[in-house]
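Heads up, the thing below is written out as structure tokens.
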Amino acid sequence: MWKTSNKIWIITTAPLVIVGLGFIIFGVMASPEALTDDGYSLKNFYYFMGGSFIIFPLVAALGVYYYYKRINDREVFLINEGIRGEAEILSREQTGTYINEQPQVKFKLLITTTDMAPYELEHKEIVNLLDMGSIPEGKKMPVVVNPNNPQDIMLIFD
């Protein structure tokens with residue numbers, strides 16, 4: 001589960017919003033005749049910059065929040081509603097992709113559950129580099145399968 005502190009949103013977004021409010025205040029205080037070096041209205045420039053410093057960070061923070069909420073909702077759904085089973089690792093290989101210095105591994109799995117016939121599946125997963133030695137071919141691991149989409153699984157690493 002992805003968990004982040006609510007303080008992170010305040011620390012990253014609030015300073016930019018405060019700067020944006022400052023630009024808007026400067027826009028209100030600016031003389032209508034004042035121009036930028038390019039000859040545009042300074043008042044409009046301050047309003048545009050203020051709006052940008054308020055809207056873009058808020059949209060970005062909401063986008064990140066929504067992204068991680070979807071990930072958490074999927075994991076919660078699989079844990080609560082998923083079909084428990086077993087995945088046997090038929091093969092594994094690194095894809096060459098690293099995320100936060102952790103390798104992405106492509107597994108070929110044999111999924112066995114009580115509700116479905118056994119089936120093979122290719123699944124990519126980011127694996128802790130220290131756990132690579134503990135997941136050899138032939139190992140059986142717990143798995144949770146989405147009842148609506150058997151291709152959507154979550155491996156349970158011990």
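Because the structure is a prediction, the values reported are computed rather than measured. We count residues from 1, following the sequence as given.
Linking Ile, Leu, Val, Met, Phe, Trp and Tyr residues whenever their side-chain heavy atoms come within less than 4.5 Å places Ile135 and Ile111 in a single cluster. No single ILVMFWY cluster, assembled from side-chain heavy atoms under 4.5 Å apart, contains both Ile83 and Ile79. Leu121 and Leu90 end up in different hydrophobic clusters when Ile, Leu, Val, Met, Phe, Trp and Tyr side chains are linked at under 4.5 Å. Linking ILVMFWY side-chain heavy atoms closer than 4.5 Å, directly or via other members, places Leu62 and Tyr68 in two distinct hydrophobic clusters. Hydrophobic clustering (side-chain heavy atoms under 4.5 Å, transitive across Ile, Leu, Val, Met, Phe, Trp, Tyr) groups Leu129 together with Phe157.
When side chains are defined from C-beta on, Leu35 does not count as touching Leu42, because their heavy atoms never get closer than 4.5 Å. The side-chain heavy atoms of Phe26 and Met49, taken from C-beta on, include no pair separated by under 4.5 Å. Using a 4.5 Å cut-off on side-chain heavy atoms (C-beta onward), Leu155 and Leu109 make contact.
Here the closest non-hydrogen pair linking Asn146 and Asn148 is OD1-N, 2.9 Å. The two residues Leu110 and Pro118 have their closest heavy-atom pair at CD1-CB, 4.2 Å. Shown here for Val144 and Gly82, the closest heavy-atom pair between the two residues is CG1-CA, 3.6 Å. Annotation for Pro150 and Ile153: closest pair O-CG2, 3.7 Å, computed over non-hydrogen atoms. Tyr47 and Ile24 get closest at one heavy-atom pair: CE2-O, 3.8 Å. For the pair Ser91 and Glu137, the tightest heavy-atom approach, listed with the atom from each and the gap, is CA-OE2, 3.6 Å.
Atom CZ of Phe56 has 12 or fewer neighbouring heavy atoms from other residues, nucleotides or ligands inside a 6.0 Å radius. At most 12 heavy atoms of other shown residues, nucleotides or ligands fall within 6.0 angstrom of atom CZ in Phe48. Crowding of Phe23 atom CZ: a count of heavy atoms from other residues, nucleotides or ligands under 6.0 Å exceeding 12. For Lys139, the NZ atom sits in a packed shell: over 12 heavy atoms of surrounding residues, nucleotides or ligands are nearer than 6.0 Å.
Partner of Leu78 under the side chain to side chain contact (heavy atoms under 4.5 Å, CB included) criterion, chosen from Arg74, Glu75, Glu81: Arg74.
Taken from CD in Glu86 to CD in Glu88, the straight-line distance is 8.0 Å, to the nearest 0.5 Å. Residue Ile18 holds its CD1 atom at 10.5 Å from CD1 of Ile54, rounded to the nearest 0.5 Å. With rounding to the nearest 0.5 angstrom, the OH atom of Tyr65 is 14.5 Å from the CG atom of Leu58.
Taking the six-membered ring for Trp and thresholds of 30 and 60 degrees, Phe107 and His123 have nearly parallel ring planes, at less than 30 degrees apart.
Side-chain N or O atoms of Asn128 include one that pairs as donor or acceptor with a backbone N or O of Leu130 at under 3.5 Å. Panel note: side chain Lys43, backbone Gly27; a donor-acceptor pair is recorded below 3.5 Å. Checked by atom type and distance alone, the side chain of Thr95 pairs as donor or acceptor with a backbone atom of Gln104 at under 3.5 Å.
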